[in-house]
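These notes concern the structure reproduced below.
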Amino acid sequence: MISAAACDDGYLRGHVETTSDGKTYLAIEDDNGGKCDPILVDSKIWPYKIGEAGLINPGPHKIECGGWLTFEIP
């Protein structure tokens, strides 16, 4: 699971946890105070609510919310 939130485990603006089912998920935990509409992940609207985990493939991704940020899911 990847989560877009600040922490100190070596991941910029996120953290990684092992899931019990072995699948990969992304949970976006902040929408810039409601100023992101819509949030895009890999140029597609992210259909999940803030804090809700959605399936995603490991590898490089791009999130857009006003600006953009690239990130890698291990």
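Here, residue 1 is the first one in the sequence, and each next residue gets the next number.
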_Suppose the criterion is side-chain hydrogen bond (donor to acceptor under 3.5 Å, both in side chains): which pairs have a residue in residues 51-61, not counting sequence neighbours?_
Asp42-His61
*asked:* Quick check for you: to the nearest 0.5 Å, what is the distance between Ser43 atom OG and Lys62 atom NZ?
replied: 5.5 Å
*Can you see which heavy atom on Ala27 is nearest to which on Ala53, and at what distance?*
CB-CA, 4.0 Å
*asked:* Could you check whether any side-chain N or O of Asp30 sits under 3.5 Å from a backbone N or O of Asn32, counting only pairs where one atom can act as donor and the other as acceptor?
replied: yes
*Any side-chain heavy-atom pair from Phe71 and Leu26 closer than 4.5 angstrom?*
yes
*Who are the side-chain hydrogen bond (donor to acceptor under 3.5 Å, both in side chains) partners of Asp21, not counting sequence neighbours?*
Thr19, Tyr25
*Considering all heavy atoms of both residues, which atom of Pro74 and which atom of Val16 are nearest to each other, and what is their separation?*
CG-CG2, 4.1 Å
_Within the 4.5 Å heavy-atom criterion, are Ile45 and Leu40 side-chain neighbours or not?_
yes
_Euclidean distance, Ile28 CD1 relative to Ile39 CD1, rounded to 0.5 Å_ = 4.5 Å
